Amino acid sequence: MNPRVQIVEGDITKQQVDAIVNAANTSLLGGGGVDGAIHRAAGPELLEETRKIGGCPTGEARVSKGYRLPAKYVIHTVGPVWAGGHKNEDNLLANCYRNSFKAAKDLKIKSVAFPSISTGAYGFPLGRATEIALRETKKFLETDKTLTKVVFVCFGEKALNIYKDIAKKVFGE
Ligand code: ADP
């Protein structure tokens, strides 16, 4: 495993990192799943700020403050809705990770935590999404010198086991 990558089970809103990534929707006005949990934990100031940002296209990322979260920033990215795999979903999901890493680099922060983007309400198959997440991470860390910690926060044991299995394949033992 890459020593800069951690895979944990838990709630992303509790992570002690510089930024957490939110699996948002294009409106950036909050929603269910991890988005709802992040807005509840951050407090209403988060919605005030994301309302001003004014939305985000699928695959892109926008930054806000973290307010009452332990994390100083939230990187909001919008994953694709799974539509069977022939609507550019893989590329759009890869873009979410690339653009979130780019945002982290621009913020000059050292640690970032990701949820499993698109694999809840948006229906992206978990194994396929995890492979994309970890491959993009590997690619980014090969050239990046600023991030010291990338945490994948798995919601439940099933997701944890899938991430761990695929990490072995992508990063080696
Ligand atoms: P999407 O609309 O992008 O599919 P969801 O929020 O529905 O987003 O789900 C994305 C992933 O986040 C799912 O795998 C879900 O299990 C997970 N998730 C939900 N709540 C949390 C949380 N508090 N912390 C970390 N992951 C979470």
Side-chain angles (χ1 to χ4, degrees), residues 5-44 46-47 50 53 55-101 103-104 111-137 149-167 170:
V5 178
Q6 292 178 9
I7 296 170
V8 303
E9 187 183 349
D11 179 348
I12 200 166
T13 67
K14 305 274 199 287
Q15 299 298 311
Q16 304 277 344
V17 286
D18 298 325
I20 62 171
V21 175
N22 181 17
N25 56 56
T26 54
S27 77
L28 297 186
L29 296 179
V34 72
D35 195 4
I38 289 171
H39 275 271
R40 279 194 297 279
L46 179 59
L47 182 59
T50 56
I53 296 171
C56 177
T58 303
E60 294 189 18
R62 300 288 183 269
V63 173
S64 76
K65 288 186 270 186
Y67 301 98
R68 296 172 211 180
L69 291 163
K72 188 169 182 200
Y73 301 104
V74 180
I75 299 169
H76 305 263
T77 189
V78 181
V81 177
W82 179 256
H86 300 285
K87 298 269 189 220
N88 204 29
E89 294 99 318
D90 290 338
N91 272 322
L92 289 167
L93 186 62
N95 286 343
C96 289
Y97 287 93
R98 285 184 207 131
N99 286 317
S100 296
F101 280 126
S111 56
V112 62
F114 284 91
S116 181
I117 299 162
S118 281
T119 67
Y122 283 3
F124 207 114
L126 184 57
R128 185 161 168 161
T130 303
E131 185 144 352
I132 291 167
L134 297 179
R135 287 202 187 284
E136 288 306 322
T137 301
K149 187 163 89 166
V150 179
V151 186
F152 290 95
V153 184
C154 302
F155 206 57
E157 204 184 320
K158 182 177 155 239
L160 181 72
N161 290 333
I162 289 180
Y163 265 80
K164 284 190 166 166
D165 271 0
I166 295 176
V170 172

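Whatever order the structure lists ligands and atoms in, that order sets their numbers, starting from 1. These figures come from a predicted structure and were not determined experimentally.
By the side chain to side chain donor-acceptor pair (under 3.5 Å) test, Arg40 pairs with no residue at all, sequence neighbours left out. In terms of the ring-ring contact (aromatic ring centres under 6.0 Å, His included) criterion, residue partners of Phe124 (sequence neighbours excluded) are, by chain and number, Trp82.
A donor-acceptor distance shorter than 3.5 angstrom exists from the side chain of Thr50 to the backbone of Leu28, with no hydrogens or angles considered. No donor-acceptor distance shorter than 3.5 angstrom exists from the side chain of Thr26 to the backbone of Pro57, with no hydrogens or angles considered.
Ordered by chain and residue number, the residues placing a heavy atom less than 4.0 Å from ligand 1 are Gly10, Asp11, Ile12, Ala23, Gly33, Val34, Ala37, Ser116, Ser118, Thr119, Gly120, Ala121, Tyr122, Phe155.
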Please table the atom pairs, donor to acceptor, closer than 3.5 Å between any side-chain atom in residues 7-15 and protein atoms at least two apart or in another chain.
unit_1	atom_1	unit_2	atom_2	d
Glu9	OE2	Glu157	N	3.4
Asp11	OD1	Thr13	N	2.9
Asp11	OD1	Thr13	OG1	2.9
Asp11	OD2	Thr13	OG1	3.2
Gln15	NE2	Asp11	O	3.4

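The distance from the CZ atom of Arg128 to the CG atom of Leu93 is 10.0 Å, given to the nearest 0.5 Å.
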